[in-house]
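Each chain gets a letter, A, B and so on, in the order the sequences are listed, and its residues count up from 1. These values consider heavy atoms only, across backbone and side chains, with no hydrogens, waters or symmetry-generated copies.
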Protein chains: 2
Amino acid sequence: MYEQLTKYITDRVPLDEAGLQQVLSRFNLLKAKKNELVGRTGEPSRRMFFVNRGCLRVYFIKADGREATRRFAFENAFSTSLTSFIDGSLLKEDTQAVEASELLYIHREDFYSLLHTIPGWEVFYRGFLEHAYISNTRRLEDFITLTPRERYQLLLKENPQMVLRLPNKLVANYLNITQEALSRIKSVM
Amino acid sequence: MYEQLTKYITDRVPLDEAGLQQVLSRFNLLKAKKNELVGRTGEPSRRMFFVNRGCLRVYFIKADGREATRRFAFENAFSTSLTSFIDGSLLKEDTQAVEASELLYIHREDFYSLLHTIPGWEVFYRGFLEHAYISNTRRLEDFITLTPRERYQLLLKENPQMVLRLPNKLVANYLNITQEALSRIKSVM
DNA sequence: GTAATTATTTGATCAGGATCAATGATATCA
DNA sequence: TGATATCATTGATCCTGATCAAATAATTAC
């Protein structure tokens, strides 16, 4: 159950066996059904998820009532609604299991307490933050510099499983275009 | 010379006097002329700047040769090309003094060595990363959810000095619209 | 397994912002 | 200060992707 998570952590930061066990012990298992929400806007619960199996989608609701997808997380990736996880505020985003998923989660309080008790955990979190910042910057840059068609082609090239595995509707939403537009882009490729 | 920087740091993280002095001693003064570049794409030099006076602009060059503005930093703000600062890669952005500016800078190597030697510095950097992530996320959200007109109105409301102090051309560039479009938006307000 | 819902495709129309062009206003610098 | 370059405004046109609509395909749920 902790196999994938153990590999993920030890690949990134050196932890002694005791420290690793202390970290792992704070993670709990959660099986989510397809389309189940494991985090809801307005809730105080702030958890960080690790995806053992399945796929998570973080999205928020726009002023016009429509959804906007922030990101997807597939197997062996962490996912959380980071802005709330950082400052402890109420969730501003939903987190949805797009497929039936097996998740490990850690509560925010436990996560932060590990920062003080496990020397290497601070380094792990810093790396996580740095990576999250870089991803976000890259995504913003893509929106600024690329057309919808180019964004789709880039996604297909760099993250083909997202296109192959997810329904068009969600891919379009992630690209911030309508599904009609995505359908037309694909038909003319 | 270190007055503003001292206040900035001590407002955010508790440092003893010795630690504070050790941090400050790594910062150097740099006076930049208007339009001078203090960081250039492709350069290995990675510095973090603190703006005592003036204004910095971070931008990158798009595939079509045009500029795209990442952010501005006015007085009492830190600014760096963070993606390169994080991983030590060559600069992928220019940093320009939009006005004649007085800057304090610290080299990446010095910054990172402080992480190991000054207990509070790790916390300072974590806070910096968290804040950078939140800003970036917010900006991405604005691009996804708002029209150019709405983005301008929001900027005017939340950051009026940016609109008042900077030339239209740069404001338009930051909003990712042409200066013609910004001119028309302003005329119809 | 069938009904009902949801997703996808295709067509027609519309609107907002880009582009190109020209003129007027500011800044810059020798 | 005057000459030059840069910036800002306004007009005309174009193009991309949104929107609305309808038909079909694919899932889901009972």
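Residues passing the side-chain contact (heavy atoms from CB on, under 4.5 Å) test with B:Val171 are B:Leu155, B:Leu166, B:Leu175, B:Leu182, sequence neighbours excluded. Not counting sequence neighbours, the partners of B:Phe111 by the ring-ring contact (aromatic ring centres under 6.0 Å, His included) test are B:Phe85, B:Trp121, B:Tyr125. Residues meeting the side-chain contact (heavy atoms from CB on, under 4.5 Å) test with A:Ile134, sequence neighbours left out: B:Thr83, B:Ile86.
Counted by atom type alone, A:Lys92 and A:Ser89 present one or more donor-acceptor pairs between their side chains at under 3.5 Å.
By the 4.0 Å N-to-carboxylate-O rule, A:Arg165 lies close enough to A:Glu99 to be salt-bridged with it. The pair A:Arg126-B:Glu130 does not count as a salt bridge, with every side-chain nitrogen at least 4.0 angstrom from each carboxylate oxygen. Residues A:Glu93 and A:Arg57 are not paired through a salt bridge, judged by the lack of any N-O separation under 4.0 Å between the basic side chain and the carboxylate.
Residues of residues 166-180 of chain A that place a heavy atom closer than 4.0 Å to DNA chain C, in numerical order, are A:Pro167, A:Asn168, A:Lys169, A:Gln179, A:Glu180. Of the residues in residues 58-71 of chain B, B:Arg66 come within less than 4.0 Å of DNA chain C through at least one heavy atom, sorted by number.
Chain A approaches DNA chain D within less than 4.0 angstrom (heavy atoms of the protein), and the contacting nucleotides run 5' to 3' from D:dG17 to D:dT28.
For C:dG11, its base sits under 3.5 Å from the side chain of A:Arg184 at one donor and acceptor pair at least.
In this structure, B:Arg139 is positioned above the aromatic face of B:Tyr174, its NZ or CZ under 6.0 Å from the six-membered ring centre and within 45° of the axis.
Judged by distance alone, the side chain of A:Tyr2 and the main-chain N or O of A:Phe27 form a donor-acceptor pair under 3.5 Å.
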